Amino acid sequence: MEWKERTLMKGNKAQNSFLKGILIFTLLISFTVLIAGGFWIFKTQAPTPLKVVDSKGTVLTTREQITGGQAVFQKYGLMDYATVLGHGSYLGPDFTAQALKIVVDGMHDVHAETDYGKLFEELSNDEQTLIIKKVKLEMKQNRYEKNTKELVLTDGQAEGLKRVRAYYDKVFTEGDGLGIKPNLIEDTSMPEQGRAYVAPGDMRQQISDFFFWTAWLSGTNRPGDTITYTNNWPYFEEAGNTMSYSAVLWSGVSVTLLILFIGLILYFYNRYRLYMHEAYEANKFPVFDLDKMPLTASQVKTGKYFLVVVLLFLIQAGLGGLLAHYYIEPNGFYGLNWLVELFPFNIAKSYHLQLVILWVATAWLGMGIYVAPLVGGKEPRRQGLLVDILFWALVVLTAGSTIGEWFGAKGYLGNSWFWFGHQGWEYLELGRFWQVVLVIGMGIWLYIVFRAIRSALRKENDKGGLTHLLFYSSIAVPFFYIFAFFFNPSTSFTFADYWRWWIIHLWVEGIFEVFAVVVIGFLMVRMKLVTKESTVRALLFQLILLLGSGVIGIGHHYYYNGSAEIWIALGAVFSALEVIPLTLLILEAYEQYKVMKEGGHAFPYTSSFRFLISTAVWNLLGAGVLGFLINLPAVSYFEHGSTLTTAHAHGSMMGVYGMFAIAVLLYTLRNIVKPDQWNDKLLRLSCWGLNIGLTGMIVITLLPVGFMQLKHAFDFGFWAARDYSFYEQGPVHLLLWLRMLPDTVFIVAGIVPLVYAVIRSMLHLRKPNVAEDETFE
């Protein structure tokens, strides 16, 4: 027996060493491809001309005007109202698609007047067909002069620019009847001195010129190619924009490779038992005596973090309900018009996105603070003081950025908008100053964790052991946010979007997921539910799959934002493979379910495990299935920037990260609250309420509306699918109203019981039983 055990241990060590090597190789290759692809985006992105001139050489606009218009778009938080190149929010139009249609309509009229002396709409069908064909050819010809950096417009395109300016001048003067209020952009002649990122001159004209530029690059072919800078997006046949061959080819290839890799990975997963193994024998389930569990002062202080978490969650969900109502009644909320004035769509959407990141991140940071002394086996001196400092830093960050975003998007901060107001990027709304505060806060958190686990790191000889994996994933949390500083309003939209998705996809969706699986593994070992050796092996395997597919899988965000065509291939294949690790997490969830059942009434973490199981289910459905649905290039081409994306966003953000945040919140609270004051029944109601409510949002409203919008885009062009008239159609309008039912279940049956349970828990916290520098097991 001893010989067999030694042989098994040697085999496990060899397996672990091999997996570590594969993980390091995967990281090197993945990030090399990602960075090289970013350089290729930078080199091949559409040019921003120094001058845009007409056929007679008259200067119509300049690079300063165009980049200034992008800054105006960001300054007023319009990415949280509408979209540019398909990225942003969905109540308003896609400004790129809308501007492209305005330009094409102008070109039609110019040619109709020249050829027939009539308006385009007055022509016969045959005459219109000839004009449409002529405009397509004219639109596709790239007239940018690389040597002089000038863009020469035809007479028709010049007329299109004129109409774009007139249209948006009216919109930003009179409002659009939806989320843009009259005179939103009031100051049209700000002085030249001190005007941060916005060029001197008429800001309404600048933002119009920016929209025109995005329409130009989406309708004009790349030099020496037969596809536009946006790979023929948005779909609009009158502009000659139809789906490219690459979108069809790589959609098929990605599905084929997904099937192949599922078979291979499942084989290795079962052949080498790359999952966590139970550490307890039958009928010998671990006994948990929570009253006697070691508890430090810093761990008790995490309670206030979780109180803030649930309160922010409640506010964030309330804003979600408000946003859902705006799709039905853009200028009212059951007669409370003052609420619409106070929180117009773009500001409410900014808060809705920013608060979910803040409350999820705060829950995870609080859990990290709680776990750190358990790993190190002692409480460092003045750890509690650092925990309090971090807490108040997060409070200042939340309050300051929230107030700043409101004043910034309203235009009240003048030249300080970028630093203290609304930075203008979806998911990165908080101003640059508040981003600095956030990074400092995460740095303090990392220091808190490190000083608590330092002794354990020294004791663990294996640099790829469980404690080291926990530490590496902790370092990644603040490190990967640094890329938010790699762009500013003068960075071209395409290249800024490249870095923006590093934060959204790699930081929010990637690094936090890595942190999550490592934490789950550590807690399972800590509770003596699984063996440490098998957990390390399972984590290494999961990290290989998560990072191997997820890092390059970021490319599905780059299909149609002006990036190189190669990203259609890379994004399609690797984003499809992201489904595999998410599927395997379901198998881990089944093991967690078994633990919960076998533990029976004696198992104190039932509520936490319910949410862990929910996380795994939504990982498969929300992130995996709904993500796969929209990430195929052939589907994304028509739905990019539509309600199907919203379905995926809710299923993955709330279903995965939100549910996991609640799981770690409840695990931590269970250990710092007096055991006799815990209420599992109330938390069970919360779990079912949140899951039923979230399912209802997606199944009742978001998915059916998304499929209707997909068909509308296919039938009439993407601009039509994003026009508000689509939401006014009878069936769509009814489905939007019906969303009120699952929203109510989500808030009343899901969040309210959770808030009550946490508030009640705060009144019954245990007393610390471990002093500073006192060691414990």
Side-chain angles (χ1 to χ4, degrees), residues 5 8-9 11-17 19-20 23 266 268-290 293 367-368 370-371 374-375 377 453 456 459-460 462 464-473 513-546 581-600 602-617 619 660 663-664 666-668 670-671 777:
E5 289 178 2
L8 182 60
M9 288 178 63
N12 288 339
K13 288 181 179 179
Q15 268 191 8
N16 286 1
S17 296
L19 290 172
K20 289 173 198 173
L23 177 58
L266 285 177
F268 285 109
Y269 180 78
N270 288 287
R271 170 65 178 80
Y272 296 102
R273 295 164 53 87
L274 297 170
Y275 45 83
M276 301 177 193
H277 303 159
E278 293 178 358
Y280 58 91
E281 300 175 11
N283 302 320
K284 290 186 179 180
F285 196 81
V287 177
F288 300 90
D289 190 347
L290 299 184
M293 284 187 65
M367 181 273 305
Y370 171 81
V371 167
L374 298 180
V375 179
I453 70 174
K459 293 177 183 177
E460 188 174 65
D462 183 3
L466 190 56
T467 305
H468 278 80
L469 287 177
L470 184 63
F471 182 52
Y472 299 149
S473 62
E513 188 156 0
V514 168
F515 184 67
V517 297
V518 173
V519 166
I520 291 173
F522 174 82
L523 295 179
M524 296 283 280
V525 171
R526 175 74 189 178
M527 290 185 283
K528 299 179 180 179
L529 299 173
V530 295
T531 64
K532 185 176 181 179
E533 293 77 12
S534 69
T535 299
V536 172
R537 187 167 62 253
L539 290 178
L540 290 171
F541 181 66
Q542 289 176 14
L543 294 181
I544 290 169
L545 297 181
L546 284 170
L582 303 180
T583 304
L584 292 182
L585 290 177
I586 279 287
L587 302 178
E588 297 291 349
Y590 176 70
E591 296 301 320
Q592 293 158 10
Y593 174 77
K594 280 174 52 182
V595 165
M596 192 172 68
K597 286 297 183 182
E598 291 171 11
F603 186 57
Y605 303 108
T606 301
S607 294
S608 183
F609 269 56
R610 284 197 191 99
F611 280 98
L612 278 182
I613 294 166
S614 301
T615 300
V617 171
N619 237 326
F660 182 74
V664 298
L666 295 178
Y667 171 81
T668 306
R670 189 68 175 100
N671 293 317
E777 292 295 329

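Since this is a predicted model, take the numbers as computed values, not measurements.
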Novice: So which atom in V375 and which in A456 form the shortest heavy-atom distance, rounded to 0.1 Å?
Specialist: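 So the minimum-distance heavy-atom pair works out to O-CB, 3.3 Å.
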Novice: Examine distances only and state if a side-chain atom of R670 and a backbone atom of P604 form a donor-acceptor pair shorter than 3.5 Å.
Specialist: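 Yes; at least one donor-acceptor contact below 3.5 Å.
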Novice: I'd like to check K528 versus Y280 (side-chain heavy atoms, cut-off strictly below 4.5 Å). Are they in contact?
Specialist: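 When only atoms from C-beta onward are counted, Y280 and K528 do not touch, as no gap falls below 4.5 Å.
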Novice: Are D462 and K532 within salt-bridge range, i.e. N to O under 4.0 Å?
Specialist: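 Looking at D462 and K532, the cut-off is not met.
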Novice: How would you list, by chain and number, every residue that makes a side chain to side chain donor-acceptor pair (under 3.5 Å) with T583, sequence neighbours excluded?
Specialist: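 Checked T583 against side chain to side chain donor-acceptor pair (under 3.5 Å); zero matches.
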Novice: Hey, would you say the F611 and F609 ring centroids sit under 6.0 Å apart?
Specialist: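 Aromatic pair excluded; centres sit 6.0 Å or further apart.
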Novice: Knowing that exactly one of V664, L523, T668 qualifies, which makes a side chain to side chain contact (heavy atoms under 4.5 Å, CB included) with V371?
Specialist: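 Single pass found, and it is L523.
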Novice: For Y275, check ring-ring contact (aromatic ring centres under 6.0 Å, His included) against everything at least two apart and list the hits.
Specialist: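 For Y275 the ring-ring contact (aromatic ring centres under 6.0 Å, His included) partners, ignoring immediate neighbours, are Y269, H277.
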Novice: Does E460 reach the main-chain N or O of H468 with its side chain, forming a donor-acceptor pair under 3.5 Å?
Specialist: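 Yes; at least one donor-acceptor contact below 3.5 Å.
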Novice: Which is it for E591 and E278 under the side chain to side chain contact (heavy atoms under 4.5 Å, CB included) test, yes or no, and what are the steps along the way?
Specialist: CA-CA 9 Å; E591 296 301 320; E278 293 178 358; 4.1 Å; yes
Novice: Measure the shortest side-chain to side-chain distance between I544 and K20 over non-hydrogen atoms and say whether it is less than 4.5 angstrom.
Specialist: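 The answer is no, as the side chains (C-beta and beyond) never meet within the 4.5 Å cut-off.
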Novice: Does atom OH of Y472 have more than 12 heavy-atom neighbours, drawn from other residues, nucleotides or ligands, at distances under 6.0 Å?
Specialist: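 Atom OH in Y472 is packed in, count exceeds 12.
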Novice: Holding to side chain to side chain donor-acceptor pair (under 3.5 Å), I want the full list of residues that pass it with T531, two or more places apart in sequence or in another chain.
Specialist: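 T531: side chain to side chain donor-acceptor pair (under 3.5 Å) contacts with S534.
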Novice: Can you tell me how far CG of L545 sits from CG of L584, rounded to the nearest 0.5 angstrom?
Specialist: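 The distance works out to 6.0 Å.
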